[in-house]
Amino acid sequence: MKEKFYITTAIAYTSKKPHIGNTYEVILTDAIARYKRMRGYDVYFLTGTDEHGQKIQEAAESSGITPKEYVDKVAGEVKAIWDTFGATYDRFIRTTDDDHVAAVQGIFRKLYEQGDIYKGSYEGLYCTPCESFWTPSQLVDGKCPECGREVIKTSEEAYFLRLSKYADQLMKHIEENPDFIVPEMRKNEMVNNFLKPGLQDLCVSRSSFSWGVPVDFDNGHVIYVWVDALSNYITALGYTVDGCSEKYKKLWPADVHVVGKDIVRFHTIYWPIILLALGEPLPKKVLGHPWLLSGTDKMSKSRGNVLYGDDLAKQFGVDVIRYYLLSEMGFTDDGTITYENIIKTTNADLANVLGNLVNRTAAMIKQYFGGVIPEASEKNSDDVELFEQIDKYFAKALASFDEYKVADALKSVLEIFKCCNKYIDVTTPWVLAKDPEMKERLGSVMHNLVDGILRGAKLMLPIIPESAKGIFKIYGVDVPEDLSDDICFSGNVIDEVPILFARIDEKKMLSELMPKEDKKAEKKEKKAEEKAQKKAEKKEEEAPSEIEIGDFMKVKLTVGEILECEKVEKSDKLLKLIVDIETEKRQVVSGIAKFYEPNALIGKKIVLVSNLKPAKLRGVDSNGMILCSGEEDVRIVEIASDVPNGTGIR
RNA sequence: CGCGGGGUAGAGCAGUCUGGUAGCUCGUCGGGCUCAUAACCCGGAGGUCAUGUGGUUCAAAUCCCUUCCCCGCAACCA
């Protein structure tokens with residue numbers, strides 16, 4: 001019987017259409033799934049969408065449709081993109097699926113009944129207009145940091161998961177299974193930042209919005225994302241607290257959860273603890289993959305640098321993008337995507353090395369043997385050398401694949417094709433072709449070449465499935481289902497020699513793509529500007545549009561000179577300043593460390609809000625606020641150097 | 001001194017665990033070849049392996065220590 005292999009992606013959040021970075025995760029997972037199938041595993045591949053939460057509720061409201069209508073639309077987009085890239089998932093779960101909802105309610109109830117989830121109160125300081133809770137340390141002068149209004153001490157009922165109870169058990173598991181969290185660096189982050197300092201119980205319900213799985217024994221509460229979304233990995237298989245399906249028994253625990261580095265924490269702390277509480281085994285591995293950056297920046301709508309999978313697939317082709325992403329993305333370091341790099345990689349690896357090899361080999365067989373692939377005779381030293389090299393790289397590729405280091409595996413596969421190209425040069429078939437006595441040798445060379453190409457093509461099947469199938473088709477061979485399948489090709493007839501991967505004319509392609517992109521970027525910029533304006537207008541509306549002169553007079557602004565300035569320890573945003581305002585020397589803490597060197601500020605004349613209630617920042621007293629401009633790029637407001645210290649401003 | 005990762009040719013990276021000729025891809029320069037998609041094959045130039053004329057060693061990119069810089073996570077952000 002085949003050994004099972006259960007692999008998952010994180011489920012995509014349906015607040016908006018996924019970009020190519022999100023798509024990478026599915027492609028990576030798909031490549032691993034395809035590889036494992038070819039190694040004889042009975043693979044189950046799960047992906048899907050996370051469809052609950054406040055963000056979605058709001059997005060739906062603003063487009064005037066119901067949340068369900070909204071997520072139906074986005075989930076459809078997600079699925080379409082996954083399908084475009086050939087993801088071979090076995091189930092596409094949606095957290096709005098009935099079976100999932102029922103199972104999650106059961107899980108929540110069970111954990112509550114056994115005391116691992118308890119009802120407590122979310123003690124917080126609540127700002128009603130902002131509908132937000134704040135902790136005491138977040139407050140500004142005891143007021144809402146967003147709007148500056150009074151906050152009310154409120155306690156909202158909420159459910160909490162007892163993380164602390166299972167912390168030791170989880171720690172032990174991580175120590176005993178060094179490969180549980182990979183890469184290792186991510187494991188260290190989790191252990192040092194969360195486990196060692198001690199876990200606080202996690203709030204796992206919300207009552208401030210309704211678009212979620214209802215807590216079925218307490219009206220008004222919905223289950224928050226942790227329990228809802230993470231549980232998909234077991235509910236998808238038919239897990240329920242009242243008994244599990246055969247499928248679940250067979251497939252769980254997962255062999256690997258493939259997730260982005262940003263959500264490693266949820267998958268290596270919260271999720272295992274939920275499972276421990278349920279008494280279920282933990283997944284064997286959590287793979288935290290790096291991010292795909294657009295150029296040097298994180299992909300984000302506000303930067304206008306978002307690339308989408310469906311566009312890229314149209315522009316370059318599915319396999320080109322699959323290959324690019326899988327070869328570019330390392331195991332730990334973030335990768336980048338640019339049109340230029342896609343073109344370079346495609347030309348170098350797919351067109352020049354692989355495509356050209358397949359093409360020239362087929363062309364020679366047509367020319368010298370009328371398209372019939374010849375038999376091989378005895379091997380000479382060149383042949384032995386060729387196959388030794390191929391075997392070596394083949395084994396290397398398998399080893400890398402087994403560790404899920406797909407980019408490394410790809411490198412080894414490419415070496416196989418390079419060996420074949422070199423073999424052609426060494427054996428010089430065009431010379432052999434001129435000598436009728438060398439016909440048999442020429443046949444051997446052609447045979448060996450096809451052999452080598454098809455061995456490499458097998459390993460390409462998980463990476464570029466359609467193109468790799470195309471290679472088998474050219475040589476008239478059925479696509480192998482298992483890596484160990486023997487391939488017979490002697491006597492097969494080659495009739496067509498299509499171009500597998502055409503070289504891309506870089507300049508032409510870029511000029512076709514970039515103008516469009518520029519326009520897009522411009523549009524996006526405009527949109528962003530409009531948005532910012534609207535936001536500003538809104539803020540103005542929120543704050544009274546007119547104030548009494550008396551209100552303004554309440555703020556005491558004073559000219560001061562910076563006498564001393566130094567960084568606040570253990571903080572990268574804060575500077576501690578001593579300001580001379582004539583009557584006294586004030587100590588002020590300001591969050592401008594990113595924008596100014598301490599020494600550069602000494603001697604500057606600035607404006608101080610001198611009657612601001614004192615506060616402590618990072619344990620350091622701050623008596624006032626320095627006026628600054630800007631949000632992202634902050635500058636202090638300077639004043640002419642001949643104004644005496646202590647001068648009031650009105 | 002919060003924890004962790006890293007600094008190797010113009011760019012991007014491997015090599016470090018297990019010390020012993022510094023390697024790969026792209027670019028660049030030259031040669032070969034003509035089956036092929038201006039492709040393929042070979043060779044050259046280009047590196048004091050961040051720093052310290054540091055320690056250990058017969059031998060250090062590799063192990064230990066110093067200083068500087070970058071990144072991730074956390075914290076913090078009047």
Side-chain angles (χ1 to χ4, degrees), chain A residues 137-143 145 148 183-197 261-262 264-265 288 290-291 327-328 330 332-336 340-341 343-368 407-408 411-412 414-415 417-434 442 445-446 449 497-505 568-575 588-595 608-609 612-620 622-628 631 634:
Chain A
S137 66
Q138 285 175 310
L139 296 184
V140 180
D141 295 331
K143 291 180 184 169
E184 195 179 5
M185 171 188 151
R186 304 257 96 96
K187 174 176 88 180
N188 293 334
E189 285 174 1
M190 293 307 121
V191 170
N192 293 329
N193 290 325
F194 299 102
L195 253 17
K196 277 189 184 161
K261 62 179 184 179
D262 50 327
V264 166
R265 176 165 138 205
W291 273 342
S327 64
E328 166 65 21
T332 51
D333 294 332
D334 289 342
T336 63
E340 217 183 337
N341 284 346
I343 294 167
K344 283 214 164 91
T345 303
T346 304
N347 283 344
D349 293 354
L350 294 179
N352 294 353
V353 173
L354 174 57
N356 184 44
L357 169 67
V358 169
N359 190 249
R360 69 200 291 215
T361 302
M364 281 190 279
I365 293 171
K366 278 199 89 163
Q367 190 175 328
Y368 304 143
D408 291 346
K411 230 179 182 178
S412 296
L414 213 68
E415 289 298 328
F417 300 124
K418 286 185 180 183
C419 288
C420 293
N421 272 324
K422 187 167 182 175
Y423 178 76
I424 295 177
D425 234 67
V426 172
T427 54
T428 56
W430 51 92
V431 176
L432 299 175
K434 285 177 187 150
L442 180 62
V445 168
M446 291 302 117
L449 264 177
V497 187
I499 297 283
L500 199 60
F501 290 102
R503 272 184 68 85
I504 302 171
D505 184 332
V568 173
E569 272 180 46
K570 296 183 208 166
S571 160
D572 31 287
K573 292 205 177 158
L574 298 181
L575 290 181
V588 178
V589 178
S590 183
I592 51 174
K594 288 232 166 122
F595 310 98
L608 186 76
V609 181
L612 196 62
K613 207 169 166 185
K616 269 199 179 190
L617 301 173
R618 200 79 196 169
V620 182
S622 180
N623 307 301
M625 181 172 98
I626 291 175
L627 285 194
C628 289
E631 294 274 337
V634 176

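Hydrogens, waters and symmetry mates play no part in the numbers below; they use all other heavy atoms, side chains included. First the proteins, then the strands, lettered A, B, ... as listed; each starts at 1.
- The side chain of A/Phe194 sits closest to B/C73 out of B/C40, B/C73, B/G4.
- Closest to the side chain of A/Asn356, out of B/C35, B/U37, B/G2, is B/U37.
- When each of A/Met190 and A/Leu354 is assigned the nucleotide of RNA chain B with its nearest heavy atom, A/Leu354 is the one assigned upstream, toward the 5' end.
- B/C76 sits 46 Å from B/G20 when the P atoms are compared, rounded to a whole Å.
- Counting heavy atoms from C-beta on, the side chains of A/Trp430 and A/Ile424 come closer than 4.5 Å.
- Base-pair partner of B/C73: B/G2 (Watson-Crick or G-U wobble, both distances under 3.5 Å).
- The side chain of A/Lys344 has B/C26 as its nearest neighbour among B/G72, B/A74, B/C26.
- Pair assignment for B/C68 gives B/G7, based on Watson-Crick or G-U wobble hydrogen-bonding distances that are each under 3.5 Å.
- A donor atom on one side chain and an acceptor atom on the other are found under 3.5 Å apart for A/Arg360 and A/Asn421.
- Taking the C1' atoms as reference points, B/A9 lies 12 Å from B/U28, given to the whole Å.
- Applying the 4.0 Å criterion to OP1 and OP2 of B/C73, one finds that A/Lys261 has every side-chain N and O outside that range.
- Closest approach to the A/Asp425 side chain among B/C26, B/C40, B/G2 is made by B/C40 (side chain taken as heavy atoms from C-beta onward).
- Listed nucleotides: B/U37, B/C26, B/C73. Nearest to the side chain of A/Arg503: B/U37.
- B/U51 is unpaired under the Watson-Crick or G-U wobble criterion, no partner having all donor-acceptor distances under 3.5 Å.
- Remark: A/Met446 CE to A/Leu449 CG distance equals 5.5 Å, nearest 0.5 Å.
- Between A/Lys418 and B/U25 there is a side-chain N or O to OP1 or OP2 distance below 4.0 Å.
- Rounded to whole Å, the distance from CG on A/Asn359 to C1' on B/U37 is 7 Å.
- Atom-to-atom, CE of A/Met364 to C1' of B/C33 comes out at 12 Å; the value is rounded to the nearest Å.
- Nearest-nucleotide positions on RNA chain B place A/Lys434 closer to the 5' end than the other of A/Lys434 and A/Glu189.
- Using C1' as the reference atom, B/G15 and B/U53 are 26 Å apart when rounded to the nearest Å.
- Listed candidates were B/G4, B/C35, B/U37. Nearest to the side chain of A/Tyr368 is B/C35.
- Remark: the separation of the P atoms in B/G19 and B/C13 is 27 Å, to the nearest Å.
- Spacing between atom CZ of A/Arg265 and atom P of B/G72 amounts to 17 Å, rounded to whole angstrom units.
- Straight-line distance between the P atoms of B/U34 and B/C41: roughly 16 Å, to the nearest whole Å.
- Using atom P as the reference point in both B/C26 and B/C71, the two lie 29 Å apart (nearest Å).
- B/C64 and B/G52 have their C1' atoms separated by 14 Å, given to the nearest Å.
- When side chains are defined from C-beta on, A/Asp262 counts as touching A/Trp291, because their heavy atoms get closer than 4.5 Å.
- As rounded to whole Å, 9 Å separates atom C1' of B/G5 from atom CG of A/Asp333.
- Nearest to the side chain of A/Asn193, among B/C35, B/G2, B/G72, sits B/G2.
- Taking side-chain N and O atoms only, A/Arg186 has no distance below 4.0 Å to OP1 or OP2 of B/G5.
- The base of B/C40 has none of its N or O atoms less than 3.5 Å from a complementary donor or acceptor on the side chain of A/Asn421.
- A/Asn352 comes within 4.0 angstrom of sugar-phosphate atoms only, judged by non-hydrogen atoms across all strands, and of no base.
- Straight-line distance from the CZ atom of A/Arg360 to the P atom of B/A38: 12 Å, rounded to whole Å.
- The shortest non-hydrogen separation linking A/Pro197 to A/Val191 is CD-O, 4.1 Å.
- Checked by distance alone, A/Asn341 brings no side-chain donor or acceptor within 3.5 Å of a matching partner on the base of B/G12.
- Side-chain contact between A/Val358 and A/Phe417: absent, with no pair of heavy atoms (C-beta onward) separated by less than 4.5 Å.
- A/Tyr423 has its OH atom 15 Å from the C1' atom of B/C41, to the nearest Å.
- The distance between atom NZ of A/Lys422 and atom P of B/G32, rounded to the nearest whole Å, is 19 Å.
- In this entry the distance linking CG of A/Leu350 with C1' of B/U25 reads 14 Å, nearest Å.
- Looking at A/Val264 and A/Glu189, their side chains never come closer than 4.5 Å, going by heavy atoms from C-beta outward.
- A/Asn347 approaches A/Ala502 most closely through the heavy-atom pair OD1-O, 4.4 Å.
- Distances from the side chain of A/Ala348 to the nucleotides B/C41, B/C26, B/A74 place B/C26 closest.
- For the C1' atom pair drawn from B/U48 and B/G7, the interatomic distance equals 16 Å after rounding to whole Å.
- Base-pair partner of B/U16: not found among the strands shown (Watson-Crick or G-U wobble, both distances under 3.5 Å).
- In this structure B/A22 sits in no base pair that meets the Watson-Crick or G-U test at under 3.5 Å.
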